[in-house]
> 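The structure under discussion is supplied below as structure tokens; questions concerning it will follow.
Along the sequence shown, residues carry numbers from 1. FYI, side chains are in, hydrogens and waters are out, and symmetry mates aren't considered; it's all heavy atoms of this structure.
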Amino acid sequence: MKIAITGGIGSGKSYVCKLLGEFGIDVYDCDASAKRLMRYDEQLKSDLRALVGDSVYDEQGVLNKPVLAQFLLASIKNRQSVNDVVHPAVARDFEQSGYSWLESAILFDSHFVDRTHFDYIVCVSAPEKLRLERIMRRDGINVDKAQQWIDNQMSQDRVEELSDYVIINDGKKNLKEQIIILLKNIKWKQF
């Protein structure tokens, strides 16, 4: 069984995945894996240089995050081009990893969901105001930049529609109870 956890930036996916860890469930982190692959996978590094330009890596071969972010935010076409290079590499890595659970903010946006079969897709959802606050606090950015990141992803409503389950992470509803209900519904191992 393969289960994907998704939801927009600032929704609290990582926190939900941490709680899943308390139930003995390890979750493959697409963001961390993409960063690792962009650092060490020579073919991926070459593809990114060809797409973004040589300045995407410094002289030591370290990813220049501001250059990549500027390229990503410049257009939908740029974002899709990067996804078309990075996500197939991440999908291959996930398929070889042995993990059953995966976390991806842009599961639908990047068409990652078309590269790997998932039995269930779970959306972590939160009010936009709360998402903005979390992004600004986490990344040390202003509200306009945080809003730009939200606006550059598929709408939360659409992600919820495409998902099998929704976990509400609004700071009010009990996350552990929602996770237990999810695990029972999908008949996960000891539940």
> What I'd like to find out is whether the side chain of Phe108 reaches to under 4.5 Å of the side chain of Thr6, using heavy atoms alone.
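When only atoms from C-beta onward are counted, Thr6 and Phe108 do touch, with a gap below 4.5 Å.
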> Does the side chain of Leu175 reach to within under 4.5 Å of the side chain of Asn169, using non-hydrogen atoms?
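Side-chain contact under 4.5 Å: yes.
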> Honestly curious: do Val113 and Val85 fall in one hydrophobic cluster under the side-chain, below-4.5 Å linking rule?
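Yes; Val85 is reachable from Val113 via cluster members.
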> Closer than 4.0 angstrom, basic N to acidic O: yes or no for Asp41 and Arg36?
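Result for this pair is no, no salt bridge flagged.
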> Can a salt bridge be assigned to the pair Arg115 and Glu95 using a cut-off of 4.0 Å between side-chain N and carboxylate O?
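Here Arg115 does not pair with Glu95 in a salt bridge, since their nearest N and O are not under 4.0 Å apart.
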> Under 4.5 Å between any side-chain heavy atoms of Asp84 and Leu51, yes or no?
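No, their side chains stay 4.5 Å or more apart.
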> Looking at side-chain heavy atoms only, is the closest gap between Leu102 and Phe118 below 4.5 Å?
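Yes; the side chains approach each other to less than 4.5 Å.
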> Which heavy atom of Arg79 sits nearest to which heavy atom of Leu72, and what is that distance?
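Of all heavy-atom pairs spanning Arg79 and Leu72, the closest is NH1-O, 3.1 Å.
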> Could you see if Val143 belongs to whatever hydrophobic cluster contains Leu73? Use Ile, Leu, Val, Met, Phe, Trp, Tyr and a side-chain cutoff under 4.5 Å.
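Same hydrophobic cluster.
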> Evaluate side-chain hydrogen bond (donor to acceptor under 3.5 Å, both in side chains) for Asn78 paired with Ser75, printing each intermediate quantity in order.
CA-CA 5 Å; Asn78 284 6; Ser75 74; 3.3 Å; yes
> For Gln153 and Ala105, which heavy atoms make the closest approach, and how far apart are they?
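The answer is NE2-CB, 4.2 Å.
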> Name each donor-acceptor pair under 3.5 Å that joins a side chain in residues 63-71 to protein atoms two or more places apart or in another chain, with its distance.
unit_1 : atom_1 : unit_2 : atom_2 : d
Asn64  : ND2    : Ser55  : O      : 3.4

> From Gln80 CD over to Asp109 CG, what is the distance, rounded to the nearest 0.5 angstrom?
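So the CD of Gln80 and the CG of Asp109 are separated by 8.5 Å.
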> Indicate the atoms forming the closest heavy-atom contact of Lys173 with Ile168, along with that distance.
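Of all heavy-atom pairs spanning Lys173 and Ile168, the closest is CD-CB, 3.7 Å.
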> With rounding to the nearest 0.5 angstrom, report the CG to CD distance, Leu48 to Gln43.
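The CD atom of Gln43 is 10.0 Å from CG of Leu48, to the nearest 0.5 Å.
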> Do Asp139 and Lys145 make a side-chain contact, defined as non-hydrogen atoms from C-beta onward lying under 4.5 Å apart?
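In short, these two side chains do not touch, never coming nearer than 4.5 Å.
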> Taking only Lys NZ, Arg NE, NH1 and NH2, and the carboxylate oxygens of Asp or Glu, determine whether Lys129 and Glu133 approach each other closer than 4.0 Å.
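Salt bridge present between Lys129 and Glu133.
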> Regarding Asn174 and Gln178, is there a side-chain donor-to-acceptor distance under 3.5 Å anywhere?
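Result is no, nothing qualifies.
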> What are the two closest heavy atoms between Val159 and Ser163, and how far apart are they?
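Looking at all heavy atoms of both residues, the shortest contact is O-OG, 2.7 Å.
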> Glu103 and Ser14: side-chain hydrogen bond (donor to acceptor under 3.5 Å, both in side chains), yes or no, with the steps?
CA-CA 8 Å; Glu103 174 192 356; Ser14 296; 3.0 Å; yes
> Apply side chain to side chain contact (heavy atoms under 4.5 Å, CB included) to Arg39 and Val62, showing your working.
CA-CA 7 Å; Arg39 275 196 308 266; Val62 175; over 6 Å; no
> Looking only at heavy atoms, which two atoms of Arg134 and Ala126 are closest? And how far apart?
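Smallest heavy-atom distance, with atoms named: NH1-CB, 3.5 Å.
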> Does a side-chain heavy-atom distance below 4.5 Å link Gln147 with Glu128?
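Yes, close enough: below the 4.5 Å cut-off.
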> Quick one: does Ile150's side chain get under 4.5 Å of Ile9's, heavy atoms only?
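When only atoms from C-beta onward are counted, Ile9 and Ile150 do touch, with a gap below 4.5 Å.
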> Would you indicate whether the side-chain heavy atoms of Tyr165 and Cys123 approach each other to under 4.5 Å?
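When only atoms from C-beta onward are counted, Tyr165 and Cys123 do not touch, as no gap falls below 4.5 Å.
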> Met136 and Ala146: which non-hydrogen atoms are nearest, and at how many Å?
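Shortest heavy-atom contact: CG-CB, 3.8 Å.
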> List in chain and number order the residues that pass side-chain contact (heavy atoms from CB on, under 4.5 Å) with Met1, two or more places apart in sequence or in another chain; answer none if no residue qualifies.
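Ile3, Asp119, Tyr120, Ile186, Trp188.
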> Above 12 or not: heavy atoms from other molecules or residues under 6.0 Å from OH of Tyr15?
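No.
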